[in-house]
Enquirer: 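The following block contains the structure, expressed as structure tokens.
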Amino acid sequence: MFRCALAIATLCATATCATLPLGFSTQTLMHDGSQRKFKVYVPSASNYTGLFFMNHGWTETMDSACDYGQIETYAEQYGFVGVCPQGLMYSTGETGWNVGTCCGGAESAQTDDVGFIQKVIELIQAELTIPPGRTFAGGFSNGCSLSFRLACELSHMIHGVGCAGSAYNHRYSGAGVLSCNPTYPRPYWSQVGSGDFFYTVSEAKSGWQQYGTQVLGCSSATSVVFNQDSVTCEEHTSCTGSLRSRFCELADLGHEYQSSGRSPYQMSPTEAAWLFLTQTQTSSTESTAGEASGAIWETATGTFLRILSGFAVSVCHLAFAPSGDLVAAAGADGEARLWNVQTGEALLRVAGHQDVATGVAFAADGQCIATCSSDGTAVLWNIESGLREATLVGHEEAVMAAAFICKSDLATDKNDAESVFLT
């Protein structure tokens with residue numbers, strides 16, 4: 001199955017490979033045995049500025065979230081692709097997201113909502129060119145709590161949280177059940193009303209302080225950065241790197257996602273969050289510019305599986321392991337990468353060439369890969385250790401392909417087809 005998938009893997013470095021229609025559309029995918037739905041708004045902008053998730057609250061729908069989040073308005077104004085995913089409905093007759101301790105039955109069912117959101121991101125990134133480092137999670141109430149969880153567990157794909165009507169590490173957002181140890185700590189914008197009966201100001205502010213000090217490495221000191229029209233916003237004065245965290249309180253506001261007339265800077269939470277997050281540089285070691293990726297489909301059903309990302313430039317060649325559970329790619333940056341096909345987990349990254357890596361091949365036992373390059377060399381790598389086992393030289397020109405002819409023998413085919421190198 002996966003060998004067939006190789007033939008249709010889509011590699012997009014900078015070009016848009018869009019099939020999603022402009023405007024609103026409802027999409028479906030299968031995840032964890034359930035058909036899941038999400039609503040996408042693709043703006044008329046020719047170059048998209050990012051991806052923004054608007055996660056609905058407990059008992060609500062994707063349609064209501066797109067509506068009160070004003071996704072169409074702000075997607076057109078700022079050029080981002082908006083997504084409103086749908087939580088499952090449970091025997092209680094309520095919809096909700098699994099945030100460990102809530103809501104609607106999702107927590108007791110242990111629904112994998114994080115995995116669902118990951119698949120949505122992968123599918124959209126396979127079809128639209130989303131700038132690296134600009135995928136943000138927003139939402140309201142239970143949907144805001146989901147965004148906290150995404151920042152903790154999906155930090156390689158979510159680059160910031162901006163949401164309203166919830167509190168980090170609250171009894172309704174995973175306190176005592178979930179932990180937050182993200183690979184890449186992400187900026188956090190949050191607001192709550194002084195009249196909120198689900199998440200009080202003191203609870204929300206306490207959660208904001210915890211996230212700032214424990215996750216972002218901020219000092220406990222804060223300062224007021226906005227105080228006008230019954231809106232007060234604070235920020236941590238010092239955080240690790242260039243990370244930022246802001247908390248806003250709206251006087252007399254209840255548990256609601258309000259319009260632009262009563263929000264920081266006279267904006268709705270959607271707009272305020274987008275502007276804060278896009279103006280905040282994230283601090284991590286990941287690549288955030290010009291990233292290339294591969295996409296994998298199951299050929300028997302045409303089902304989209306996942307994105308394989310990590311290259312800063314074009315992907316030149318893909319190869320599947322004989323077992324079908326691993327896939328390797330050679331890139332124009334001279335590096336090769338290895339992923340688990342089922343989970344999309346990055347397993348190995350090796351760099352051994354001075355020029356473009358033109359090919360990659362697996363040994364029959366799946367324990368080694370070979371890479372070749374336009375620098376005239378081929379390199380044999382041990383998958384388990386990631387160490388170079390041998391460098392094969394002798395070609396005067398680029399080596400364009402590599403193949404194992406037995407368990408430990410490698411053949412490389414020079415681009416002029418004049419010689420075959422055997423070891």
Side-chain angles (χ1 to χ4, degrees), residues 2-3 5-7 9 11-14 156 285-296 307-423:
F2 294 118
R3 282 191 176 277
L6 172 63
L11 306 177
C12 300
T14 57
H156 64 295
T285 57
E286 79 215 275
S287 170
T288 58
E291 187 176 271
S293 62
I296 299 180
I307 285 286
L308 304 175
S309 60
F311 283 101
V313 289
S314 300
V315 179
C316 297
H317 187 254
L318 287 173
F320 284 85
S323 61
D325 61 344
L326 301 175
V327 61
D333 55 4
E335 298 184 356
R337 287 167 173 78
L338 184 73
W339 295 269
N340 181 299
V341 172
Q342 293 294 340
T343 66
E345 178 185 3
L347 303 175
L348 181 67
R349 173 182 177 181
V350 293
H353 297 291
Q354 302 301 311
D355 207 333
V356 174
T358 53
V360 62
F362 277 90
D365 60 6
Q367 296 180 9
C368 296
I369 59 171
T371 58
C372 58
S373 170
S374 55
D375 66 4
T377 67
V379 179
L380 187 65
W381 305 92
N382 183 292
I383 290 177
E384 183 176 359
S385 67
L387 298 177
R388 182 196 307 241
E389 293 197 345
T391 299
L392 308 177
V393 297
H395 292 294
E396 297 179 357
E397 298 181 31
V399 182
M400 301 304 292
F404 283 88
I405 59 173
C406 64
K407 182 176 181 180
S408 59
D409 291 345
L410 171 69
T412 61
D413 188 358
K414 188 179 173 184
N415 64 339
D416 57 13
E418 293 179 354
S419 64
V420 175
F421 192 99
L422 299 176
T423 60

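None of the values given here were measured: they were computed from a predicted structure.
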Enquirer: Measure across A403 and A361 and return the closest heavy-atom pair with its distance rounded to 0.1 Å.
Expert: CA-CB, 4.0 Å

Enquirer: Would you say that L380 contacts L392 through its side chain, given a criterion of any heavy-atom pair below 4.5 Å between the two side chains?
Expert: no

Enquirer: Looking at W339 and A329, what are the two nearest heavy atoms and their distance?
Expert: CZ3-CB, 3.6 Å

Enquirer: Can you sort out the partners of S373 under side-chain hydrogen bond (donor to acceptor under 3.5 Å, both in side chains), two or more places apart, ordered by chain and number?
Expert: D375

Enquirer: Answer whether the closest heavy-atom distance between the side chains of V341 and D325 falls below 4.5 Å.
Expert: no

Enquirer: Which residues pass the side-chain hydrogen bond (donor to acceptor under 3.5 Å, both in side chains) test with E389, not counting sequence neighbours?
Expert: N382

Enquirer: Return the CG to CD distance between L348 and E335, rounded to the nearest 0.5 Å.
Expert: 10.5 Å

Enquirer: So, using side-chain contact (heavy atoms from CB on, under 4.5 Å) as the criterion, who are the partners of L326 when residues are at least two apart?
Expert: A321, L338, L347, F362

Enquirer: Have a look at T371 and tell me which of V399, T377, V379 forms a side chain to side chain contact (heavy atoms under 4.5 Å, CB included) with it.
Expert: V379

Enquirer: Can you list the residues that meet the side-chain contact (heavy atoms from CB on, under 4.5 Å) rule with V356, with sequence neighbours excluded?
Expert: C316, A332, T358, S374

Enquirer: Please name the pair of heavy atoms, one in A357 and one in A330, separated by the smallest distance, quoted to 0.1 Å.
Expert: O-CB, 3.5 Å

